[in-house]
Amino acid sequence: MTTPREQVRSLDDPEVMVQTPGTIYDTIPPLTPRTEREAEFYDVGDGEMLVNLGPQHPSTHGVLRVVLKIDGEKIVDLDPVMGYLHRGVEKICEHGDWHHAISNTDPLEYAASMFSESLPVLSAERLLELEVPRRAEYIRVLAWELNRISSHALFIGWLALDLGGITPILYGFGERDEIVEMLASLTGQKLLFNYMRIGGVNGDLNHDFLSRLGDWMSRAGARINDQATLMNENEIFVNRTKGLGVVSREMALQYGMSGPPLRATGVPYDVRRAHPYSVYPELEFDIPVRSDGDSYARYLLHVDEIKQSLRIIDQVLHQMPDGPVMAKLPRLLRVPPGRAFAALESPRGQYAVYAVSDGSDQPFRFRIHDPSFFNLQAVVPLTRGHLLADIMAIMASLDPIMGGIDK
Amino acid sequence: MSAATTPTPTPAGVSPLGKVVLALLAVVLAGALAFFLLWVTGVGPLAVDWIIETGDANIEILRFIAAATGVLLFTVPAAFVIIYMELKLIAQMNLRVGPDRTGPWGSLASLMAGLKVLSKEDFTPRGVDVPVYTLAPAVVFLASVMTLLVIPFAPGMAGYYMELGLLYFFAASGIGVVGLMMAGWSSFNKYSLLGGIRAAAAVISYELPLILGTFGVVLLAGTLNLGQIVENQAGWMWNWYAFQQPLALIIFFIAATAEAGRTPFDYTEADSELVAGFATEYSGMRFGFFFFAEYVNVFILSALTVTLFLGGYHTGVDIDPILGFLGVTTPVELGNIDPGSLGPWLLAIPFLVPPILVLAVSGLIWMVKSEWGIIKSLVVGFVLTNLLVGAAVSFWAIFSFEALLGLLVFFGKSFGLVALFVLMRATYPRVRIDQMANFAWKWLMPAALLNIFVTAGAIIIVREYFS
């Protein structure tokens with residue numbers, strides 16, 4: 001018999017008082033649930049167990065934390081916890097001028113930052129009603145599509161890595177490495193390019209970039225096929241992803257999903273065609289669509305989109321006009337008062353911004369719509385009832401980037 | 001600051017080295033004195049006789065101890081070679097170079113990794129079940145190492161010719177999963193627990209097809225003695241059981257992949273799901289034991305596949321009829337060729353063979369190592385040839401030609417299968433645990449049972465009607 005001792009602080013949680021000297025075997029008394037959902041989730045039943053997946057876990061793609069309630073291998077319920085990467089980017093943008101917003105929105109989508117850094121550019125141009133030189137528009141499209149390919153190649157590798165295959169990720173990184181080196185010779189940076197400017201781009205095409213681009217274009221198609229064949233014809237990979245995480249058309253629209261997860265359900269929504277911007281109306285390309293809505297369809301869609309992007313790059317290089325790459329603008333940029341909505345198709349879906357200007361040199365309000373956030377929401381209904389290994393396949397196929405989700 | 005570094009006066013007495021020498025001197029003197037006394041009194045010779053007589057009487061036990069030690073020592077280089085092979089081969093598949101810094105072509109990378117693991121802190125986290133946590137790596141490692149004892153590497157070179165060799169093999173390797181469960185349970189970590197339980201689930205699913213797959217061979221061979229099973233496959237290649245039991249070979253190989261915990265069945269330490277599975281909380285050499293055990297397991301299962309299905313240490317070529325066809329009438333004992341029978345060609349051996357060998361080796365080096373000049377390749381080739389020939393000749397002298405050939409053939413086959421395991425790892429993603437259970441119970445088990453029935457039926461039919 002043990003005599004009851006005085007109340008001491010638990011070693012695990014100093015907020016909690018326990019009777020005996022606290023060890024990690026002590027059950028921590030649960031906190032009072034704040035919402036109905038919390039009460040339901042933290043009511044752990046017989047044979048169930050809570051597991052923390054993340055924030056430092058190899059396959060949560062950043063600092064996402066998912067609390068899993070599992071029964072053996074089966075996931076009973078899950079609760080994604082976000083905000084580990086929150087920096088208040090929208091507020092920071094409101095405190096710098098319009099040019100600063102470009103470098104502040106750069107790290108939002110860190111795997112394809114050519115897209116997130118275009119948000120302040122497109123919205124300011126809309127407010128200014130500015131005519132951007134055509135050569136600058138073509139260079140933008142070139143940079144966007146190159147970055148889209150680098151992001152998609154990485155997606156394919158990540159998906160395979162989360163399923164346990166180690167080779168495709170290196171093929172993907174090989175592709176990405178060449179593109180990123182190429183963009184580095186254009187922009188001076190490998191990850192956060194800071195290349196877009198209000199009224200054009202920062203610097204014209206140079207010889208180093210073009211020679212690297214030509215070198216890569218000559219074998220890009222074959223390399224993408226190599227990587228895709230390694231997975232398409234892999235019985236285990238197909239069995240792991242086919243019929244997994246099926247998003248129906250209604251559900252995708254309900255959750256506000258966009259990009260490949262939406263197009264994999266059969267909705268041909270692509271901002272490049274639905275709300276055309278830049279010179280996309282002049283270019284010839286298809287919007288690939290799949291109807292199954294499962295992880296495999298999302299993967300195949302990415303491969304298709306890479307091929308379409310190669311097609312666009314080919315046309316851009318043939319149609320590239322001559323001329324300046326920057327519009328004439330005053331050094332101190334005062335954007336006229338008003339509201340503007342600008343959207344573009346990032347590798348993960350519709351990246352949009354709703355900007356309000358009060359006539360000063362700073363944005364008054366800068367509200368960013370990130371596609372990863374809306375796509376990631378679907379992970380909860382999709383994963384419930386599946387096995388532990390499936391959450392990786394589903395999450396990787398939704399392709400979230402935590403920089404944009406936590407903002 | 002102003003005071004210059006004055007040399008500190010050495011304390012009177014002996015230097016640090018002197019202390020060591022003095023202590024050693026004392027030990028040597030004491031030893032010599034004891035030796036002298038033992039031989040003068042006559043106790044020494046008696047004791048030596050007694051030890052030799054006991055050894056003679058219990059030669060089996062001595063042999064077992066020597067074999068177990070040898071096997072334990074053998075696993076270390078084997079694991080290093082396999083790890084290096086894996087690093088290099090997967091790098092080739094991944095469009096990478098792989099290790100190329102330590103040693104020639106990076107061949108010491110795995111050794112250095114082993115030393116690094118050895119020098120790391122052996123950390124025991126709070127809350128673990130200490131005795132179980134400490135024992136688990138030893139159990140896993142020993143379980144896989146002790147199975148090597150019954151595998152015949154070459155004629156006359158098995159640790160122990162056991163009548164129930166195959167049974168012993170499966171019994172010993174079955175202990176490994178107990179170690180995995182111990183590690184998973186005692187680590188006080190939910191990921192480890194899941195890894196341990198997955199290991200148990202895998203064993204329940206895959207040990208059965210693994211063992212049932214070998215039954216066809218056992219029925220054909222009529223023995224569980226692995227040495228005898230290999231001897232049955234002597235002669236031409238079609239005597240190998242792989243050609244009489246192809247289905248069993250496929251079943252056995254798939255089940256062995258799962259048994260070794262290799263991709264596509266590496267769910268016990270699925271790094272993208274369970275962080276590191278049962279080994280999550282382990283560090284230092286305890287983790288090293290798990291790591292080693294995995295690679296030793298790969299080698300062992302390849303070796304068993306070779307032993308059971310691919311003819312063991314036999315080349316698959318029956319040399320006697322060929323010699324007969326060539327006119328060499330007497331069955332030549334390759335170990336006892338009389339060099340004098342060559343006549344004047346005897347002179348060719350010292351004058352022609354060494355230059356040709358040196359040229360061949362250095363040409364190979366020159367082709368692989370393109371930045372080396374011809375002279376450098378020649379020098380290195382000369383040294384290497386001497387070393388190789390010296391090693392081969394001394395090995396011949398010790399073990400006779402058959403043992404050397406058998407060893408080379410056996411290791412060539414085994415490492416070929418290991419390479420197959422490695423290539424599978426580079427190609428396949430992981431199978432989900434329910435898919436793997438489905439596959440084991442719905443496909444492999446019935447196929448293994450079918451194989452046993454068909455084999456048994458065929459044996460009965462052949463015995464009744466054809467003999």
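Order of the sequence lines sets the chain letters (A, B, ...), proteins ahead of strands, with each chain counted from 1.
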> If every non-hydrogen atom of B:K190 is compared with every non-hydrogen atom of A:M49, which pair is closest and at what distance?
Replying inline: CG-SD, 3.8 Å
> Which bit of A:L68 comes within less than 4.5 Å of chain B, counting heavy atoms only: side chain, backbone, both or neither?
Replying inline: neither
> Which atoms form the tightest heavy-atom contact between A:I236 and B:P264, and what is the distance?
Replying inline: CD1-CB, 3.5 Å
> Is it the backbone or the side chain of A:N52 that comes under 4.5 Å from a heavy atom of chain B, or both, or neither?
Replying inline: backbone
> For B:Y191 and A:L53, which heavy atoms make the closest approach, and how far apart are they?
Replying inline: OH-CA, 3.4 Å
> Any side-chain heavy-atom pair from A:I70 and B:L194 closer than 4.5 angstrom?
Replying inline: yes
> Where along residues 432-446 of chain B does a heavy atom come under 4.5 Å of chain A, listed by residue number?
Replying inline: B:R432, B:I433, B:D434, B:Q435
>> Sort by residue number and list every residue of residues 381-393 of chain A having at least one heavy atom under 4.5 Å from chain B.
In response: A:L387, A:L388, A:A389, A:D390, A:M392
> Considering residues at least two apart in sequence or located in another chain, which fulfil the side chain to side chain contact (heavy atoms under 4.5 Å, CB included) criterion with B:L111?
Replying inline: B:F80, B:L108
>> Quick check on the structure: residues of residues 280-293 of chain B within a heavy-atom distance below 4.5 Å of chain A, by number.
In response: none
>> Tell me if the CH2 atom of A:W216 is crowded by more than 12 foreign heavy atoms within 6.0 Å.
In response: yes
> Of A:L163, A:N234, A:I166, which meets side-chain contact (heavy atoms from CB on, under 4.5 Å) against B:Y428?
Replying inline: A:N234
>> Less than 4.5 Å to any heavy atom of chain A: does that hold for the side chain of B:I197, its backbone, both, or neither?
In response: neither
> At what distance, to the nearest 0.5 angstrom, does CD of A:E73 lie from CZ of B:R198?
Replying inline: 4.0 Å
>> Let's test your reading of the structure: which of A:A396, A:G165, A:G174, A:A160 forms the most heavy-atom pairs below 4.5 Å with chain B?
In response: A:G165
> Considering all heavy atoms of both residues, which atom of B:T427 and which atom of A:T167 are nearest to each other, and what is their separation?
Replying inline: N-OG1, 4.5 Å
>> Looking at every heavy atom in both A:L170 and B:R96, which two are closest together, and how far apart are they?
In response: CD2-CD, 3.6 Å
